Amino acid sequence: MGEDLTAERIIATTGATGALGGRVAARLARLGLPQRLVVRDLNRAPELPKSSAVMAAYEDLPALGRAVRGADVLFLVAAADARDRGELHRRVVETAVSEGVRHIVYLSFLNAAADAACALGRDHHAVEALIRATGVAHTFLRPSLYLDLLPGWIGEDGTIRGPAGEGRVAWVSRDDVADVAAAVLRAPRAHVNRVYDVTGPEAVSLGRTATRLSTLTGRTIVYVPQTTEEAVGFLRSRGASEQEVETRVGACAAIAAGELDAVSTTVARLTGHPARSIEGYLRKNPSALSHAPLFGGSGKAVAAP
Ligand SMILES: NC(=O)c1ccc[n+]([C@@H]2O[C@H](COP(=O)([O-])OP(=O)(O)OC[C@H]3O[C@@H](n4cnc5c(N)ncnc54)[C@H](OP(=O)(O)O)[C@@H]3O)[C@@H](O)[C@H]2O)c1
C-alpha cells in the first residue's frame with residue numbers, strides 16, 4: 001500500500017509533542033514524507049527532516065487555520081483533557097475542512113459509540129460523527145488501551161485495582177498504533193472512509209493480565225476487583241486528578257461491559273508485522289514493572305520469552 005508515497009502531499013500532524021503523535025511524526029519523517037507539526041510549544045517540537053513546526057492550540061482557531069492551510073491530510077489527536085471537548089473538536093474539524101484539508105485520519109478509541117460505557121468512547125464517537133457530517137474523506141483508527149500505560153495501572157504493592165470485573169482487553173502498544181497510522185498516512189487514498197480497530201493479539205482479563213505479568217517478571221502482581229465507588233475513592237486518596245479518575249474508571253467500565261473484548265488483525269494487515277504481545281512489550285521494556293514487589297522477595301525482574 002505504498003503507491004501514494006511519492007506524492008508530495010503535506011500531512012499536518014497534531015499531537016507531535018505527545019507519545020503517540022511523536023511516534024507517528026518520526027515514522028512519517030523516516031518515510032521521507034513532508035509534514036507540518038502542529039504543536040502548542042515550539043520548543044518541544046521534534047526536529048525531523050522535511051518537517052516544519054507551527055504553534056497552534058486547538059483553542060486558537062486562527063492559528064490552527066494557518067497551521068493546517070495547504071495541508072492535504074490531517075492526523076488528528078484529540079485533546080483529552082480539554083474542558084468542552086465536543087465543542088472544541090467540532091471547531092477544529094470545521095476549521096480544518098474550511099482550510100482545504102481533504103482527508104482526516106482521526107485517532108479514536110475502540111468501540112467508540114453513543115452509548116459507550118465510558119466518556120472516552122462517547123467523546124470519540126461524537127468527533128467521528130462530526131467528521132463524517134462534514135463529508136471529508138476520513139479514516140478512523142480505534143486503538144484499544146495502550147499497553148505502554150499498563151505499568152501505571154500497577155501499584156507499588158503489586159495490585160491492579162479497578163471496577164473491570166472479568167471483562168477482557170487486548171492491550172496494544174503505542175508503537176503498533178503509530179505503525180498503523182503511518183501505513184494509513186503514507187497512502188491515505190487506500191483507506192478512505194475506513195474504520196480500523198487496532199488491538200493487541202489477545203484479549204485478557206485484568207486477573208489474567210496480573211497472572212501473566214507475575215509469571216513473566218517474578219513479581220507479585222494481583223488483580224483486586226473494585227466497585228466504581230471504591231475505585232473513585234481509592235484513586236482520589238492516591239492524589240489522582242479528576243481527569244485521571246474519569247479516564248481510569250471509564251476504561252474499567254468499558255472493560256467490564258465487554259466493549260474492549262475485541263482482537264483485530266489490523267496491525268498485521270497494515271504493517272506486515274504481528275501486534276506486540278504483553279511478553280514482547282516486557283522483553284523490550286524489562287524494567288517496566290520494577291516498582292512492583294519481587295515474588296517472595298527473591299524473584300528476578302526478567303521478562304521471559
Ligand atoms: N487508548 C488508550 O489507552 C489511551 C490512553 C491514553 C490516551 N489516549 C488517547 O490517545 C491520544 C494520544 O495519546 P498520547 O499518549 O499520545 O497522549 P499525550 O502524550 O498526552 O499527547 C497528547 C498530545 O495532544 C496535544 N494536545 C492536547 N491538547 C491539545 C490542545 N488543546 N491543542 C493542541 N494540542 C493538544 C498535546 O500537546 P502538549 O504536548 O502541548 O500537551 C500532545 O502533543 C489522546 O487523544 C488520548 O485521549 C488513549
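Quantities reported herein were computed from a predicted structural model and do not represent experimental measurements. Ligands are counted one by one from 1 in listed order, and the atoms in each one are counted from 1 as well.
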Return the option from [options] holding the heavy atom at the smallest distance from [atom].
atom: atom 5 (C) of ligand 1; options: L149, V169, L141; result: L149
atom: atom 10 (O) of ligand 1; options: Y106, W171, Y146, Y58; result: Y146
atom: atom 28 (N) of ligand 1; options: A67, A79, G21; result: A79

Which atoms of ligand 1 are found less than 4.0 Å from any heavy atom of [X]?
X: L145; answer: 1 (N), 2 (C), 3 (O)
X: R174; answer: 15 (O)
X: L107; answer: 10 (O), 11 (C), 12 (C)
X: G15; answer: 23 (C), 24 (O), 43 (O)
X: F109; answer: 1 (N)
X: T17; answer: 37 (O), 38 (P), 39 (O), 40 (O), 42 (C), 43 (O)

Please list the nearest protein heavy atom to [atom] with its residue and the distance rounded to 0.1 Å.
atom: atom 1 (N) of ligand 1; result: S144 O, 3.0 Å
atom: atom 40 (O) of ligand 1; result: R44 NH2, 2.8 Å
atom: atom 46 (C) of ligand 1; result: A80 CB, 4.0 Å
atom: atom 45 (O) of ligand 1; result: A78 O, 3.0 Å
atom: atom 12 (C) of ligand 1; result: V77 CG1, 3.7 Å

Ligand 1 N/O within reach of [X] N/O, cut-off under 3.5 Å:
X: A19; result: yes
X: D81; result: no
X: R40; result: yes
X: A57; result: no

Any salt bridge between [X] and [Y], counting N to O under 4.0 Å?
X: R90; Y: E87; result: yes
X: D261; Y: R168; result: yes
X: E128; Y: R142; result: yes
X: E279; Y: R212; result: yes
X: D148; Y: R23; result: yes
X: E246; Y: R85; result: yes

* To do: For atom CZ of R102, decide whether the heavy atoms of other residues, nucleotides or ligands shown that lie under 6.0 angstrom number more than 12.
  => no
* E47 CD: over 12 foreign heavy atoms closer than 6.0 Å -> no
* Measuring to protein heavy atoms, does anything land under 4.0 Å from atom 20 (O) of ligand 1? -> no
* Is atom 15 (O) of ligand 1 in close reach of the protein, with a heavy atom under 4.0 Å away? -> yes
* Think R161 forms a cation-pi with F234, using NZ or CZ under 6.0 Å from the six-ring centre and within 45 degrees of its axis? -> yes
* Asked: Do the ring centers of Y196 and H191 come within less than 6.0 Å of each other?
  ->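 Ring-ring flag for Y196/H191: true, centres closer than 6.0 Å.
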* May I ask you to check whether F109 and H125 place their ring centers less than 6.0 Å from one another? =>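 No, the ring centres sit 6.0 Å or more apart.
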* Report yes or no: do D175 and S173 form a side-chain donor-acceptor pair below 3.5 Å? => no
